[in-house]
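Here's the structure, in structure tokens; my notes come after.
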Amino acid sequence: MSLTEQVELEELQARVKAARRITVLTGAGMSAESGIPTFRDAMTGLWSQFDPAELASDEGYRAAPARVWAWYAERRSGVRAAHPNAGHLALAAFARHHPGVLTVVTQNVDDLHQRAGNADTIRLHGDILEDRWLDPCPRRGGPPCDPGWARPATAARPPMCSDCGHLVRPGVVWFGENLPLQALNDAEHAADTAELMLVVGTSGAVWPAAGLAARARRAGAWVAIVNPHPTEIDTDADQRVRGTAAGVLPLLFSGV
Ligand code: OAD
């Protein structure tokens, strides 16, 4: 690390210490050091090997449900086998010691922030471990069928309701779908009220999440990006720290 980088990091550390409201917006790079692949990193990113139109859209799922379900089942196994890294743990420890200061907003569909201890993480893109009906349950005059009752997947089809024949889908937001409204409202509020926003491990390619950095800055926050590579929203930030989540976040948050 150069002397300038060292000084900038120390200044950011001082901002973390002083801020009464901190929002951390995370993306796939946050979980990269836990072994979960990102989407857009060249070579290793999921979208460098797979077509998002086929695997992350309603049309793609309906066209090849068994194949798409199998892909999500494999990703679910990866998430279940992964552990929070030093970055997740540093954020959780800070939140424990400074109640009411930190809000974590994530685009990640894994549960590593929650497992680290940030139970109230705002999830903009859903939860890959959640089961949802692909179509609304048609049952009338009683409670809707619960996706947990579905018949397990086979090689030929995803889990299916034995009552209505409906298919289960993963609880993630696909391309073309709206973000969960409450989560988006909460995230915008967290951007509007932050004194400091850290944007960690996101390429800034997907909206509306990517717009939260500029929104926070307009509202008066100091915005710092933590990423080993340039992002599409670098110019929306006051500061760029070139490093990884598990490397930089413990330096910023531990012992504060
Ligand atoms: P991307 O894959 O687009 O970007 C990952 C970012 O993480 C890149 O900028 C990398 O440089 C950075 N990165 C890689 N390793 C890192 C590390 N160890 N520490 C810090 N940063 C690192 O992922 P997202 O920006 O999260 O949508 O993608 C946004 C959305 O696009 C995702 O939520 C997903 C995808 O389609 C849904 O799942 C709905």
Which heavy atom in [X] sits nearest to a heavy atom in [Y], and how many Å separate them?
| X | Y | result |
| --- | --- | --- |
| Ala95 | Asn118 | CB-ND2, 3.4 Å |
| Arg75 | Leu46 | NE-CD1, 3.8 Å |
| His83 | Ser34 | O-OG, 2.7 Å |
| Pro52 | Phe175 | CB-CE1, 3.6 Å |
| Leu134 | Trp174 | CD1-CZ3, 4.4 Å |
| Pro228 | Arg242 | O-CD, 3.7 Å |

Please answer whether the main-chain N or O of [Y] pairs with a side-chain N or O of [X] as donor and acceptor at a distance below 3.5 Å.
| X | Y | result |
| --- | --- | --- |
| Trp69 | Val168 | no |
| Arg21 | Ala221 | no |
| Glu33 | Asn85 | no |
| Gln13 | Leu251 | yes |
| Asp234 | Ala237 | no |
| Arg76 | Glu130 | yes |
| Gln239 | Glu8 | yes |

**OP:** Run the numbers on Trp149 and Asp163 for side chain to side chain contact (heavy atoms under 4.5 Å, CB included), then give the verdict.
**Re:** CA-CA 10 Å; Trp149 307 335; Asp163 228 33; over 6 Å; no
Once you round to the nearest 0.5 Å, how far does [atom1] of [X] lie from [atom2] of [Y]?
| X | Y | atom1 | atom2 | answer |
| --- | --- | --- | --- | --- |
| Asp186 | His189 | CG | NE2 | 8.0 Å |
| Thr103 | Asp120 | OG1 | CG | 7.5 Å |
| Glu11 | Gln6 | CD | CD | 11.0 Å |
| Glu10 | Leu252 | CD | CG | 11.0 Å |
| Glu5 | Arg240 | CD | CZ | 12.5 Å |
| Thr23 | Leu102 | OG1 | CG | 7.5 Å |

Please indicate whether [X] has more than 12 foreign heavy atoms, meaning atoms of other residues, nucleotides or ligands, lying under 6.0 Å from its [atom1].
| X | atom1 | result |
| --- | --- | --- |
| Glu74 | CD | no |
| Asp51 | CG | yes |
| Arg20 | CZ | no |

Original post:
Where do Arg15 and Ile22 land on the side chain to side chain contact (heavy atoms under 4.5 Å, CB included) test, with the steps shown first?
Top reply: CA-CA 9 Å; Arg15 289 182 189 278; Ile22 303 175; over 6 Å; no
Compare all side-chain heavy atoms of [X] with those of [Y] and state whether any distance is below 4.5 angstrom.
| X | Y | result |
| --- | --- | --- |
| Pro147 | Pro159 | no |
| Pro180 | Val173 | yes |
| Arg169 | Val68 | no |
| Val206 | Phe39 | no |
| Asp111 | Arg123 | yes |
| Val79 | Ile36 | yes |
| Asn108 | His125 | no |
| Arg157 | Arg151 | yes |

Are [X] and [Y] joined in one hydrophobic group, where the rule is that I, L, V, M, F, W and Y side chains link up if heavy atoms are under 4.5 Å apart?
| X | Y | answer |
| --- | --- | --- |
| Leu212 | Leu196 | no |
| Leu184 | Val24 | no |
| Ile122 | Val200 | no |
| Val199 | Leu124 | yes |
| Leu9 | Met197 | no |

Original post:
Checking side chain to side chain contact (heavy atoms under 4.5 Å, CB included) for the pair Arg62/Asp135: CA distance, chi angles, key distance, verdict?
Top reply: CA-CA 11 Å; Arg62 288 176 197 276; Asp135 295 303; 2.8 Å; yes
Original post:
Step by step, would you call Cys137 with Cys161 a side chain to side chain contact (heavy atoms under 4.5 Å, CB included)?
Top reply: CA-CA 9 Å; Cys137 176; Cys161 181; over 6 Å; no
Which donor-acceptor pairs under 3.5 Å do side chains of residues 25-32 form with protein atoms, sequence neighbours excluded?
residue : atom : partner : partner atom : Å
Thr26   : OG1  : Thr106  : OG1          : 2.7
Thr26   : OG1  : His113  : NE2          : 3.0
Ser31   : OG   : Asp110  : OD2          : 2.7

Subject >> Pair Arg132 + Glu177, salt bridge at N-O below 4.0 Å >> reply: no
Original post:
Is a salt bridge present between Arg217 and Asp238, judged by a nitrogen-to-oxygen distance below 4.0 Å?
Top reply: yes
Subject >> Parallel, tilted or perpendicular, as decided by the 30° and 60° cut-offs, for the rings of Phe253 and Phe94 >> reply: perpendicular
**OP:** Classify the angle between the aromatic ring planes of Trp47 and Trp71 as parallel (below 30°), tilted (30 to 60°) or perpendicular (above 60°).
**Re:** parallel
